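Take a look at the structure below.
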Amino acid sequence: MSNCFSDKYVRLRLLYQSSTVKVWLVRSRIGQSLCVAKCANRCTSAATDIFLEAILLQDLRHPGIPIFYELMEENTEIIMIEEYVFGVSLHQYLLYNQKISQETFLNFAIQICEIVSYLHFHRSGPIVYLDMKPEHIIVCGNRLKIIDFGIANFLPISGKNIQKFGTKKYAAPEQKSGKPIGVYTDVYGVGKVLEEMLKHLRPTERIHFRKLVLESTRRNIHFRSKDIRHLICQLNQKKNRINQNRKYLEVSAESLK
């Protein structure tokens, strides 16, 4: 751990603040690059959470996950430095774009699932994200990144409970009731995000994805889709079918000229 935060970074503005954590936009004094600094008092449980988040992030390498740079201390704070992701949250994106195309829906849905799949099949063992919601998904042009791994964790081999969850609206029933969680818990969270995106499709297009969303968000884990790869497969099949239909219509239109 380094102890020279002020020597290396300049705080620009506060991005987020809770009772225990502050998140700053900072600039590196050396390369002038923008970063995010997540700070907490060393004597709080939030500091432990940041430390554990840093341990988790330092081993993750995926274009859809912010890069972890370093963990530092200064005075009474523990500070995690990570990549600054420039873009708007999916929540904001959907507010700005009341109608989205099937192509956008599928593009975003597949990317979200692929990031989660990377976590679930990580070489060090399955990682569960546990806090999926539109506010944690950043739209960077046509690419998506998932931020805030504050309650992500390696899946307990023993099946013991993880007592943390994020927003109740997107949390799986087993999270809210304190029951054992699994990779199927993230499938539920992804399904709830897709459900939110579904509202922005045309009514005639929603029907193509309703079953998929329903299977991902069943309250009973025994009837819910349990593998994120199955969801990716279904989405890719629908994407291929849409592309084939489009090509057929283009050929038909050309033949009528």
Side-chain angles (χ1 to χ4, degrees), residues 62-65 87-121 127-149 151-152 165-176 181-243 245:
H62 189 281
I65 297 173
V88 298
S89 70
L90 180 59
H91 172 73
Q92 292 170 312
Y93 181 91
L94 295 175
L95 286 177
Y96 300 152
N97 299 273
Q98 288 297 309
K99 296 296 179 183
I100 62 174
S101 65
Q102 288 186 94
E103 290 77 12
T104 296
F105 177 91
L106 284 163
N107 176 31
F108 286 4
I110 291 170
Q111 286 190 60
I112 294 167
C113 290
E114 287 177 342
I115 299 169
V116 173
S117 178
Y118 168 78
L119 296 173
H120 288 181
F121 296 94
I127 296 170
V128 281
Y129 178 71
L130 301 178
D131 200 10
M132 189 64 65
K133 59 181 179 179
E135 289 84 352
H136 285 172
I137 301 166
I138 305 300
V139 183
C140 316
N142 290 321
R143 299 296 306 174
L144 300 184
K145 286 181 182 281
I146 293 178
I147 62 170
D148 200 339
F149 283 71
I151 63 172
F165 64 90
T167 306
K168 287 185 177 181
K169 180 180 177 181
Y170 299 97
E174 61 271 18
Q175 286 179 282
K176 289 183 281 190
I181 55 89
V183 292
Y184 49 80
T185 304
D186 279 343
V187 172
Y188 182 93
V190 170
K192 294 299 286 185
V193 170
L194 301 191
E195 184 179 70
E196 197 67 32
M197 290 170 56
L198 204 64
K199 299 173 184 176
H200 297 264
L201 288 175
R202 296 186 182 91
T204 53
E205 295 172 337
R206 293 175 196 167
I207 193 171
H208 303 305
F209 305 101
R210 277 178 181 154
K211 183 180 178 183
L212 179 150
V213 169
L214 179 63
E215 290 174 350
S216 303
T217 55
R218 293 190 187 277
R219 296 185 59 82
N220 191 323
I221 63 171
H222 299 294
F223 299 106
R224 188 189 309 162
S225 297
K226 294 180 177 62
D227 193 330
I228 198 70
R229 295 174 301 183
H230 176 64
L231 197 51
I232 293 173
C233 182
Q234 288 181 298
L235 289 165
N236 277 317
Q237 287 175 354
K238 291 184 181 298
K239 182 178 180 179
N240 291 335
R241 195 173 299 120
I242 288 170
N243 289 338
N245 290 340

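Index from 1, following the sequence. Fair warning: this is a prediction, and the values are worked out from it, not measured in the lab.
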Query raised in the report: With a 4.5 Å heavy-atom cut-off, do His208 and Arg241 have their side chains touching?
Result: no

Query raised in the report: How far apart are the closest heavy atoms of Tyr188 and Ala171, and which atoms are they?
Result: CE2-O, 3.3 Å

Query - Qualifying side chain to side chain donor-acceptor pair (under 3.5 Å) pairs with a residue from residues 88-99, counting only residues at least two apart or across chains - result: Ser89-Gln92

Query raised in the report: Is there a side-chain contact between Leu212 and Lys238, using heavy atoms and a 4.5 Å cut-off?
Result: yes

Report summary line: Applying side chain to side chain donor-acceptor pair (under 3.5 Å) to Ser216 and not counting sequence neighbours gives none

Query raised in the report: Are Leu90 and Met197 close enough that some pair of their side-chain heavy atoms sits under 4.5 Å apart?
Result: yes

Query raised in the report: Asn240 versus Gln237: any side-chain heavy-atom pair under 4.5 Å?
Result: no

Requested in this report: Would you please say whether a donor-acceptor pair under 3.5 Å links the side chains of Glu174 and Thr185?
Outcome: yes

**Report entry** Heavy-atom side-chain proximity of Val187 to Lys226 below 4.5 angstrom
**Finding:** no

For residues 108-119, please give each side-chain donor-acceptor pair under 3.5 Å, one per line with the distance, not counting sequence neighbours.
from: Gln111; atom 1: OE1; to: Leu144; atom 2: N; distance (Å): 2.9
from: Gln111; atom 1: NE2; to: Asn107; atom 2: OD1; distance (Å): 2.9
from: Gln111; atom 1: NE2; to: Asn142; atom 2: O; distance (Å): 2.7
from: Tyr118; atom 1: OH; to: Arg61; atom 2: N; distance (Å): 2.8
from: Tyr118; atom 1: OH; to: Arg61; atom 2: O; distance (Å): 3.4

Query raised in the report: salt bridge (charged side-chain N to carboxylate O under 4.0 Å, His left out) with Arg143: which residues, sequence neighbours excluded?
Result: none

Query raised in the report: Hey, does the side chain of His136 reach the backbone of Asp131 with a donor-acceptor pair shorter than 3.5 angstrom?
Result: yes

Report summary line: In short, Tyr184 meets Ser225 closest at the heavy-atom pair CB-O, 4.3 Å

Report summary line: Nearest heavy-atom contact between Ile100 and Leu201 is O-CD2, 3.4 Å

Report summary line: Residues Val193 and Met132: closest non-hydrogen pair is CG2-CG, 3.6 Å

Requested in this report: Take the angle between the ring planes of Phe105 and Phe209 and call it parallel below 30°, perpendicular above 60°, tilted in between.
Outcome: tilted

Requested in this report: Check side chain to side chain donor-acceptor pair (under 3.5 Å) between Arg202 and all other residues, then give those that pass, not counting sequence neighbours.
Outcome: Glu205

Requested in this report: Answer yes or no: is there a donor N or O on one side and an acceptor on the other, between the side chain of Asp186 and the main chain of Tyr129, under 3.5 Å?
Outcome: yes

Query raised in the report: What do you reckon, is CD1 of Ile207 surrounded by more than 12 foreign heavy atoms closer than 6.0 Å?
Result: no

Query raised in the report: In chain order, what residues pass the side chain to side chain donor-acceptor pair (under 3.5 Å) check against Arg218, with sequence neighbours excluded?
Result: none

